[in-house]
2 protein chains.
Amino acid sequence: MTTHTLRYYERVGLIQPVGRARNGHRRYSEADEAWLNFLHCMRATNMPIREMQRYAELRELGDSTSLERRKILEDHQAAIAGQITELQKAHALLTHKIANYKKIEQRIRIGGPQTAEPEVDCTLASAS
Amino acid sequence: MTTHTLRYYERVGLIQPVGRARNGHRRYSEADEAWLNFLHCMRATNMPIREMQRYAELRELGDSTSLERRKILEDHQAAIAGQITELQKAHALLTHKIANYKKIEQRIRIGGPQTAEPEVDCTLASAS
DNA sequence: CTACATCTTTGAGCGCGCTCAAAGTCAAGG
DNA sequence: CCTTGACTTTGAGCGCGCTCAAAGATGTAG
């Protein structure tokens with residue numbers, strides 16, 4: 001996380017004005033770091049800034065917002081589950097395509113028939 | 001996939017000029033659809049357009065580019081694996097945080113002690 | 001014949017999430 | 001005293017991946 005990003009997060013309200021040293025420099029407490037870590041983790045899993053802003057806002061309001069905050073996290077967790085599924089599908093598809101390329105390379109090396117089993121853009125459905 | 005996106009992909013060379021009906025309208029063949037499906041799958045897993053362009057370019061050049069194309073796919077597959085790991089970590093973290101929220105809500109309902117076990121921004125390391 | 005919908009083209013615009021530039025302040029080292 | 005360097009501020013700029021607007025051609029229904 002760059003200083004630029006930290007400033008940006010501060011500007012858009014993701015983090016509250018943080019403590020300063022005597023010279024005016026920012027000093028991040030451990031609590032700040034934990035919160036930043038959490039933010040980073042959410043961003044890394046594609047939570048939009050707007051949603052993080054909403055969450056941060058509720059957090060400022062205290063425990064009474066627990067339910068709403070929990071809903072946000074549950075929704076995001078579901079989104080993550082969906083992403084994992086997508087990624088796993090793609091991963092499997094790539095395994096097939098890579099194997100196919102290995103076959104092609106084999107054919108080229110042995111100077112075999114160049115026309116048999118042409119390359120196919122296998123879809124997820126028919127991942128041959 | 002919107003028509004806008006299809007046009008865009010054509011413009012940037014991800015798909016070759018496609019067949020037309022007599023009136024000039026585009027007609028996508030099954031091969032076209034398979035390729036688009038593949039592109040969609042790669043985009044959905046965060047392959048940058050530039051990399052897809054590179055791949056498409058190599059594809060136009062035929063089997064002799066097999067090795068390089070395979071490398072691209074292998075790299076992307078590794079990237080996907082990394083993403084899955086990240087997502088799984090976040091998923092686990094959220095499970096903990098959600099459980100914590102449920103506890104808080106419980107405390108609120110029974111009017112219990114409001115100060116015990118304050119909320120914590122659990123990190124990945126210490127996901128309590 | 002007249003609407004209306006659906007495609008075509010080109011080029012511009014936009015939302016997101018940073019990322020950087022410019023100018024200034026302060027603290028320590030030589 | 002002077003330089004170096006790390007921070008500060010504000011506001012502008014950018015790369016990505018679409019997304020849309022405007023104007024025009026063509027086909028189908030009433």
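Below, chain A is the first sequence line, B the second, and so on; all start at residue 1. Since the model is a prediction, treat every value here as computed from it, not as a measurement. The basis for the numbers below is simple: all heavy atoms, side chains too, and nothing from hydrogens, waters or symmetry mates.
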Rounded to whole angstrom units, what separation is found between the [atom1] atom of [X] and the [atom2] atom of [N]?
{"X": "B/R11", "N": "C/dT9", "atom1": "CZ", "atom2": "P", "value": "10 Å"}
{"X": "A/I15", "N": "C/dC18", "atom1": "CD1", "atom2": "P", "value": "12 Å"}
{"X": "B/E10", "N": "C/dT9", "atom1": "CD", "atom2": "C1'", "value": "11 Å"}
{"X": "B/H4", "N": "C/dA12", "atom1": "NE2", "atom2": "P", "value": "17 Å"}
{"X": "A/M1", "N": "C/dG17", "atom1": "CE", "atom2": "C1'", "value": "11 Å"}
{"X": "A/I49", "N": "D/dC16", "atom1": "CD1", "atom2": "P", "value": "19 Å"}
{"X": "A/L36", "N": "C/dC18", "atom1": "CG", "atom2": "P", "value": "12 Å"}
{"X": "A/Y8", "N": "C/dA21", "atom1": "OH", "atom2": "P", "value": "19 Å"}

Of B/L6, B/D32, B/V18, the one forming a side-chain contact (heavy atoms from CB on, under 4.5 Å) with B/R26 is B/V18
Exercise. Is the count of non-hydrogen atoms from other residues, nucleotides or ligands lying under 6.0 Å from B/E30 atom CD greater than 12?
Worked result: no
query = Should the heavy atoms of other residues, nucleotides or ligands under 6.0 Å from CZ of A/R20 be counted, would the total exceed 12?
reply = yes
From the candidates D/dT8, D/dC16, C/dC20, the one with an atom nearest any side-chain atom of A/R7 is D/dT8
Looking only at D/dT8, C/dT9, D/dG17, the nucleotide nearest the A/R26 side chain is D/dT8
- Query: Does one side chain, of A/R50 or A/Q53, offer a donor that lies under 3.5 Å from an acceptor on the other?
  - Reply: no
Contact check, residues 16-25 of chain A vs DNA chain D, heavy-atom distance under 4.0 Å, returns A/R20, A/G24, A/H25
Check: Taking the six-membered ring for Trp, are A/F38 and A/Y55 parallel (under 30°), tilted (30 to 60°) or perpendicular (over 60°)?
Finding: tilted
* To do: Could you give me the CA-CA distance, side-chain angles and deciding distance for A/T95 and B/Q77, then say whether side chain to side chain donor-acceptor pair (under 3.5 Å) is met?
  => CA-CA 8 Å; A/T95 298; B/Q77 195 179 39; 2.7 Å; yes
